[in-house]
Trainee: 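Sharing a structure below in structure tokens format, with a few things to ask.
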Amino acid sequence: MAEYALTVTTGNMLHAGTFDNVYVTLLGEEGQSNRTKLTGVSLVNEKVGMFSVTSAFTLGFLLLLQVEKDPLHEFEDKAWFCSTVSVRTPEDDDVFFPCYKWLFRGDLVLLRGGRATKAFEDFYPRLEDQRKKELVQQKLTYKWDEYAEGMAYVLSIKDVSSLPPEAHFSFSKALEFEYRIKFATDELTETGILHTTARWENFEDMKNVSWFTKSSLAETVSQLWKNDDFFAYQFLNGVNPYVIRRCSKLPSNFPVTDEMVKPFMADGTTLTEEMENGNIFILDYKIMEDLPTTVMDGKQVPLSAPICLLYMTPEKKLLPLAIQLGQQPSKDNPIFLPSDSEVDWLLAKLHVRHVDTLYCLLVTHLQNTHLVAEVFAMATLRNLPTIHPLYKLLIPHHRSTLFVNTVARAVLYGPGRFFDNSSISAEGQLPLLRRALAQLTYVSLCPPDDIAARGLESIPNFYHRDDALRVWNVINGFVKAVVAYYYPLDIEVAADSELQQWVNEIFNYGFLGNAASGFPSSVQNVKELIKFVTMLIFTTSARHTAVNGAQLDFLSWIPNGPLLLHLAPPTIKGTATMDDILMTLPNKSFGSITTALNWFLGEKYDDFVPLGQYPQLFSEPAVLRMIEDFQEELSTIGGAIEKRNEELQLPYLYLNPKEIENSATI
Ligand code: FE2
């Protein structure tokens, strides 16, 4: 008689336990064990159960662990979240089987245990067969759907209740999510704001919606929003630090002259000289040009496509020099300057903030993190079996992404959804997202390359860059260690058919086979694979947090983050009044709802998992040590970031590793 000792862990989330009958069977190269019942009392929350499974003979190498939930039981079905099973064999070997699945009555799962393997390393026909069957099933569960022509493909499931249970929010997050919706809706209803079309009478009124904003930085933003240096600062360290680039030559459609900007520059210098010296920067929102806008009161609301010039002074302060709100220069499209009337200059900056906020939410946040992250998650789930080393490495970085994106499609964008009330109607969102995808490059998602491409290597006070590079380097070091462990030779990368199919699906479904994007359609060596995986982890964690986390602070003050403006910018200087600014800003209802959305998305949820904290999926001691080293290095750079922040008037908080969430979950 051979005896196998099992240690079974149940998830530590709410309602993870069960009293139902669960049976396990060990399948080895020499045969299988007795089908053994695990007593339900040991499978309740946060419990570790110890069980014994016997066999008439030793099973040899353990291939699979079969876990079944009894189809028959007298009480109502109570799902069980099985986290892991460890098996001590009669030969005193430990074999670790990660599960992390909800099991319902009648479910049967076959778990792979032991070392992570690539397809060509599975020598047992049973394992080869199981590997193929698992992927066939995954491809049936997670099917691609073309959301719209020219956009990235998405998960075909439209109703979140149809998603597999592992893809759902945790019970605690679901409760918190529902609570926030109810709290915001009740408050907006009770104050009569929800359905009013009234406009703001003064700026003080806007502070009455600040109950959403539990952030001291948001309060600071409400004080600084009119300042030129704060306006410019945000393009480096605000919610959208991805548009600014160095300007060495003015675009032909932006005829700023030396004379225009001379009064705002250091004595004795010229625009041409400062461009040569690398002190001139530009924001160009051409992507917004001619998008269909929302119709309100029978008229289309305005949407600019601004170009803004910025200057780094000798005192290392970035300041705006000139703003042109349309792409085509004309007398009706003046170049606004800091010497214009306070109202004209403020209106010009307000229109830039408006466009930057829309760009930030729809392109930077939605397209370049959530939709990209969905493609990565889909490709992983469809092409990498659970025993594949890259599945184990990446699956924590896909947590909740499919769920939150499915919710976003149902409530945020598309006809009749939230963004339909912004300046960019559903009709305008599609061309914007198409343009954004067509312009998205591999370079832009890899911070060292992106910073170089935008000429921002040496611009001072760019804390986002400094922290992004730190985080990238630490992720890269970790990925390098893990990938080198599983792929000691380039030929193993090229020969891994599952890996190649994974990369190929990302290229074809995420980037529509666009070779000009620079995204690879295959990876041929270890170096290419390390970079690709680093990009994926950085995008789903750090890049998403940088935008998601900063929304609450930077966009909650309505004039600093308007998603809708009612009045077009002045075409003749000197005619606008301060009242025009209030009439330009989003009405009370939409402005307040937008603030609520920022709170809803930006405030951390209780089941937040920071970068580098993983459920145990690997069992190889060398890899577990790599994870510990990764966590230690993240903690070290977190300490350095906190020390730097102590010396800053405005700390940059969003890429401190303990604030970075492992995946795009909200
Ligand atoms: Fe997000």
Side-chain angles (χ1 to χ4, degrees), residues 225-238 240-289 303-360 451 453-462 464-465 560 569-571 573:
W225 72 281
K226 289 182 186 171
N227 295 359
D228 278 3
D229 54 350
F230 179 70
F231 171 82
Y233 165 91
Q234 294 182 75
F235 298 107
L236 291 176
N237 300 305
N240 189 29
Y242 303 107
V243 179
I244 189 168
R245 55 197 311 127
R246 197 170 66 193
C247 177
S248 50
K249 185 171 181 281
L250 284 177
S252 58
N253 59 336
F254 191 31
V256 178
T257 63
D258 266 326
E259 219 162 78
M260 283 180 188
V261 295
K262 197 173 177 198
F264 323 114
M265 300 179 73
D267 287 345
T269 190
T270 66
L271 181 59
T272 311
E273 274 175 36
E274 291 300 321
M275 281 196 283
E276 281 167 10
N277 294 338
N279 292 325
I280 301 294
F281 299 88
I282 195 163
L283 310 160
D284 190 342
Y285 299 90
K286 183 174 170 51
I287 194 170
M288 296 289 182
E289 195 177 24
L303 179 68
S304 310
I307 311 174
C308 175
L309 210 59
L310 303 150
Y311 170 50
M312 181 58 75
T313 70
E315 296 77 34
K316 310 294 179 207
K317 190 181 270 194
L318 189 67
L319 292 171
L321 273 185
I323 295 172
Q324 179 181 290
L325 292 170
Q327 289 284 313
Q328 301 311 319
S330 77
K331 69 177 178 36
D332 294 335
N333 181 25
I335 293 175
F336 291 95
L337 302 167
S339 54
D340 291 338
S341 76
E342 184 191 354
V343 172
D344 280 347
W345 184 234
L346 194 53
L347 274 170
K349 289 190 290 179
L350 182 63
H351 279 272
V352 175
R353 289 298 319 141
H354 170 232
V355 168
D356 188 69
T357 304
L358 285 161
Y359 181 96
C360 173
I451 297 295
R454 291 194 282 146
L456 301 177
E457 299 97 323
S458 57
I459 185 171
N461 310 323
F462 191 8
H464 169 84
R465 168 202 57 204
N560 199 56
T571 53
K573 291 184 183 182

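Model, not experiment: these values are computed from the prediction.
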Trainee: Classify the ring geometry of F230 against Y233: parallel below 30°, tilted from 30° to 60°, perpendicular beyond 60°.
Mentor: parallel

Trainee: So, taking the atom named CD1 in I280 and the one named OG in S248, what distance separates them when rounded to the nearest 0.5 Å?
Mentor: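 Reported to 0.5 Å precision, the distance equals 11.0 Å.
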
Trainee: Quick one: are L318 and N461 in side-chain contact, heavy atoms under 4.5 Å?
Mentor: no

Trainee: Side chains of S330 and Q328 only: does a donor on one sit below 3.5 Å from an acceptor on the other?
Mentor: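 Checked: S330/Q328 side chains show no N/O donor-acceptor pair below 3.5 Å.
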
Trainee: Rounded at 0.5 Å granularity, tell me how far CG in L310 sits from CG in D229.
Mentor: 12.0 Å

Trainee: In this structure, which one of N333, L350, V355 forms a side-chain contact (heavy atoms from CB on, under 4.5 Å) with S304?
Mentor: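 Exactly one pass, corresponding to V355.
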
Trainee: To the nearest 0.5 Å, how far apart are CZ in F281 and CE in M275?
Mentor: 12.5 Å

Trainee: Heavy atoms, side chains only, cut-off 4.5 Å: are Y311 and P320 in contact?
Mentor: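 No, their side chains stay 4.5 Å or more apart.
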
Trainee: I'd like to know if K262 and E259 make a salt bridge, using a cut-off of under 4.0 Å between side-chain N and carboxylate O.
Mentor: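 So K262 does not pair with E259 through a salt bridge.
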
Trainee: Can you check whether K349 reaches V352 side chain to side chain, under 4.5 Å on heavy atoms?
Mentor: no

Trainee: Taking all non-hydrogen atoms of both residues, which atom of Y285 and which atom of D356 are closest, and how far apart?
Mentor: OH-OD1, 2.7 Å

Trainee: Would you say that L456 contacts I244 through its side chain, given a criterion of any heavy-atom pair below 4.5 Å between the two side chains?
Mentor: yes

Trainee: Going through the checks in order, is the side-chain contact (heavy atoms from CB on, under 4.5 Å) test met by I323 and F231?
Mentor: CA-CA 12 Å; I323 295 172; F231 171 82; 4.3 Å; yes

Trainee: Yes or no on side-chain contact (heavy atoms from CB on, under 4.5 Å) for N237 and F462, after CA distance, side-chain angles and deciding distance?
Mentor: CA-CA 6 Å; N237 300 305; F462 191 8; 4.0 Å; yes

Trainee: Is it true that D284 and R245 make a salt bridge, defined as a side-chain N closer than 4.0 Å to a carboxylate O?
Mentor: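 The answer is no: the pair does not qualify as a salt bridge.
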
Trainee: Counting only heavy atoms not in E342, do more than 12 fall under 6.0 Å of its CD?
Mentor: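 No, not enclosed.
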
Trainee: Can you measure from OG1 (T313) to CG (N279) and round to the nearest 0.5 angstrom?
Mentor: 8.5 Å

Trainee: Would you mind checking if D344 and K573 are paired as a salt bridge, meaning a charged N to carboxylate O distance below 4.0 Å?
Mentor: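 Not counted as a salt bridge, because no side-chain N and carboxylate O are separated by less than 4.0 Å.
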
Trainee: State, to 0.1 Å, how close L347 and P570 come at their nearest heavy-atom pair, and which atoms those are.
Mentor: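 Here L347 and P570 meet closest at CD1-CD, 3.9 Å.
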
Trainee: Grab the two heavy atoms, one from N560 and one from R353, that are nearest each other, plus how far apart they are.
Mentor: O-NE, 2.9 Å

Trainee: What is the minimum heavy-atom distance between A348 and L325, and which atoms define it?
Mentor: O-CD2, 3.7 Å

Trainee: Given T257 and I335, is the side-chain contact (heavy atoms from CB on, under 4.5 Å) satisfied, shown in steps?
Mentor: CA-CA 10 Å; T257 63; I335 293 175; over 6 Å; no

Trainee: Using a 4.5 Å cut-off on heavy atoms from C-beta on, say whether the side chain of L283 contacts that of F235.
Mentor: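 The answer is yes, as the side chains (C-beta and beyond) meet within the 4.5 Å cut-off.
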
Trainee: Restricting to non-hydrogen atoms, name the atom on E289 and the atom on Q327 that form the minimum distance, rounded to 0.1 Å.
Mentor: OE2-CB, 3.3 Å

Trainee: Could you tell me which non-hydrogen atom of L236 sits nearest to which non-hydrogen atom of I459, and how far apart they are?
Mentor: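 For L236 versus I459, the nearest heavy atoms are CD2-CD1, 3.9 Å.
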
Trainee: State whether the side chain of R465 and the backbone N or O of E457 hold a donor-acceptor pair below 3.5 Å, judged by distance alone.
Mentor: yes

Trainee: Tell me, do L337 and M260 make a side-chain contact under 4.5 Å, heavy atoms counted?
Mentor: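 Yes, close enough: below the 4.5 Å cut-off.
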
Trainee: Look up atom OG1 in T272 and atom CG in L250, then write down how far apart they are to the nearest 0.5 Å.
Mentor: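 It comes to 8.0 Å.
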
Trainee: Answer yes or no: is there a side-chain heavy-atom contact under 4.5 Å between T270 and M265?
Mentor: no

Trainee: Looking at I287, is its backbone amide N or carbonyl O close enough to the side chain of Y359 to form a donor-acceptor pair, meaning the two atoms are under 3.5 Å apart?
Mentor: no

Trainee: Classify the side-chain pair Q324/N253 by whether it contains a donor and acceptor separated by less than 3.5 Å.
Mentor: no

Trainee: Any side-chain heavy atom of I282 within less than 4.5 Å of one from F254?
Mentor: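 Sidechains of F254 and I282: in contact.
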
Trainee: Kindly say whether the aromatic ring centers of H464 and Y242 come within a distance under 6.0 Å.
Mentor: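 Yes, they do, as the ring centres are separated by less than 6.0 Å.
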
Trainee: side-chain contact (heavy atoms from CB on, under 4.5 Å), that's the test. Do L303 and H354 meet it? Break it down for me.
Mentor: CA-CA 8 Å; L303 179 68; H354 170 232; 3.9 Å; yes

Trainee: To the nearest 0.5 Å, what is the distance between CE on M312 and CG on L321?
Mentor: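 Answer for the CE-CG pair, M312 versus L321, is 11.5 Å.
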
